[in-house]
Amino acid sequence: MLCLAMFTDGIENAPEWTLFLGHFHPALLHLPIGFYTVLAVLEYLDSSKSGPRIGKACEIVLNYTAIVAVIAAVLGILLALPGGYNETLLDRHRWLGSLSAIFAFWLIVLRNWARSKSRNGFSIPYHSALAATLILLVVVGHDGGTLTHGSGYLTKHLPSPIKSLIGMENSDDAEKGPLSVEDADVYQDIIHPIFDQTCIQCHGPDKSKGELRLDSFELAMLGGELGDTIIPGDSEASELIYRLHLEIDDDERMPPEGKPQPTEGQIAILEWWIQAGAVESGLVGELEIPETVRSAMVAHLEGSAEVEEKEEVPEILIPMLTWEEAEAEIVAIEEEPNIDILRVALNSPAVRVKGPFGDSRFNDDALSKLEPIANNIVELEIGFSDVTDEGLAAVANMPNLEKLYLQKTLVTDEGIQHLEGLTRLRYLNLYGTQVTDDALDTLVDLPRLKSLFVWETEISKSAAEDFQEQKLEATGVKGWEEEIEALKAKISDAKILVDTGIETEN
Ligand code: HEC
């Protein structure tokens with residue numbers, strides 16, 4: 001095994017069967033990890049005084065661990081034969097991986113020696129060697145994961161507050177507002193992000209498949225093993241463009257089938273860029289660019305901006321009082337006869353507030369009493385009450401509000417303006433109030449609003465339809481609809497009529 005690890009480094013043209021076997025490495029490597037873990041648990045039980053006597057079972061598991069560890073390591077070495085991974089990391093992984101298999105035999109020796117002295121109980125050499133092997137496995141596993149998924153795979157989706165807490169950079173500089181296309185730098189803002197999204201996982205610092213790296217301008221221009229990767233001024237002869245235009249199931253297609261693909265527009269941008277000389281810098285506004293490519297650039301920039309925007313919304317969570325704190329306040333508030341406060345779920349301090357109607361109708365005064373628990377209110381049901389525009393000022397201070405029932409209240413457009421900052425509001429019932437079309441101008445900016453009830457109000461049908469349209473546009477769904485229509489047209493164009501003249505029965 002040591003020979004394998006030493007002498008197989010960077011063999012070009014490895015035979016096909018080695019790769020075939022090598023591809024089983026990612027599946028099989030879980031066996032030694034699992035076996036080692038089981039072994040540790042069994043040994044722990046066996047060595048504890050009151051535990052069961054399972055020395056024999058430990059021995060069997062250890063023997064099998066040795067076998068599967070060797071198989072996994074050999075397959076790993078085969079998988080790495082053609083190279084294309086980060087060399088230093090691969091080297092370390094190959095060595096530590098081989099060691100973790102060799103350790104199994106060492107453990108067998110240590111265990112036999114320990115058991116020849118005493119049938120059970122703790123043996124410092126054996127048990128500490130086992131513990132060291134487990135630590136080694138964590139390192140090996142992590143390196144292997146980095147080789148296949150790229151670095152930062154585990155932490156990529158770590159919530160950003162935690163990231164900044166532990167001093168990790170947030171990968172996307174979200175503060176940067178959307179860039180206008182004229183001010184965009186051709187390589188930095190347009191070309192590089194395309195490579196970054198679709199190529200760098202295989203052609204970057206962690207892996208450089210085909211000896212090609214696309215993570216900087218200089219490296220991209222160096223090209224890969226075939227040489228003609230990017231030929232400035234001749235996109236047709238450039239390997240990179242050739243690969244992008246192959247059929248999706250072609251073996252040489254880039255990115256390979258099943259991986260995130262660039263859009264047609266992005267491919268057109270890359271093609272134009274190489275044809276125009278593959279410049280390293282220059283503002284889009286100062287270059288001569290065909291209209292189709294320019295609009296593809298606009299879409300590309302908007303696409304990146306949209307992703308950033310969507311991720312921002314859930315961040316604004318205003319902290320609530322804990323349930324204990326809230327409960328103390330609620331007891332005081334509920335001395336008022338006309339307010340009901342219910343906890344929404346046992347694992348959350350959020351509450352639903354209901355203002356009963358009837359003899360003592362809920363009013364502005366009652367609403368203002370909710371102030372101490374304002375952050376905890378997610379639902380407010382105060383329909384059929386005497387609440388007015390002025391009262392709604394209190395609602396403006398309920399930042400976590402998701403559902404608001406105002407039907408048959410005295411509320412008008414003026415009051416609706418207080419709802420402006422309720423970014424989490426999903427549901428709003430205004431049935432039977434005096435609101436007019438103007439209210440919709442305020443409501444259209446609420447990012448989460450999904451259900452709006454406005455029967456028997458002054459709101460016109462056409463304004464309501466406009467509202468719906470605007471909300472839809474903000475979600476980006478409109479764009480999809482157009483794409484779907486275009487695709488439908490393509491499908492019907494592609495249909496072929498074959499008329500055999502034979503009448504079908506029925
Ligand atoms: C999932 C991994 C993966 C992704 C993603 C990927 N490639 Fe590759 N690429 C490879 C492999 C493997 C090779 C080497 C085998 C070959 O030549 O087909 C390669 C080779 C290439 C080559 C030929 C090397 C040379 O000599 O120039 C080019 C060009 C290329 N890729 C471009 C791209 C571009 C452009 C993207 C992004 C749009 C991309 N690749 C995305 C895996 C990938």
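In listed order, ligands and their atoms are each counted from 1. From a predicted model like this one, the values you see are computed outputs, not experimental measurements.
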Pick from K209, H203, Q201: the one approaching atom 6 (C) of ligand 1 most closely through a non-hydrogen atom: H203
Quick test: of every protein heavy atom, which one is nearest to atom 32 (C) of ligand 1, and how far off is it to 0.1 Å? M254 CG, 3.5 Å
Which protein non-hydrogen atom lies closest to atom 38 (C) of ligand 1, naming both residue and atom, and how far is it? C199 SG, 2.6 Å
In ligand 1, which numbered atoms sit nearer than 4.0 Å to a non-hydrogen atom of K259? 1 (C)
Are side-chain N/O atoms of Y126 and E43 paired as donor and acceptor at under 3.5 Å? yes
Over 60° means perpendicular and under 30° means parallel, so tell me whether F195 and W273 are parallel, tilted or perpendicular. perpendicular
Among protein heavy atoms, which sits nearest to atom 4 (C) of ligand 1, and what does the distance come to when rounded to 0.1 Å? C202 SG, 3.3 Å
Proximal candidate to atom 5 (C) of ligand 1 [heavy atom criterion; set T198, L212, T229]: T198
Indicate yes or no: does an N/O atom of L226 lie under 3.5 Å from an N/O atom of ligand 1? yes
Looking at E225, R243, K207, E252, the heavy atom closest to atom 22 (C) of ligand 1 belongs to R243
Select one of side chain, backbone, both or neither to describe which atoms of P256 lie under 4.0 Å from any atom of ligand 1, heavy atoms only. side chain
Let me have the donor-acceptor pairs involving side chains of residues 29-40, under 3.5 Å, with sequence neighbours excluded, atom names and distances please.
from: H30; atom 1: ND1; to: P26; atom 2: O; distance (Å): 3.2
from: H30; atom 1: ND1; to: A27; atom 2: O; distance (Å): 3.3
from: Y36; atom 1: OH; to: S100; atom 2: O; distance (Å): 2.8
from: Y36; atom 1: OH; to: A104; atom 2: N; distance (Å): 3.3
from: T37; atom 1: OG1; to: I33; atom 2: O; distance (Å): 2.6

Residue pair R111 / L62, side-chain heavy-atom distance below 4.5 Å: yes
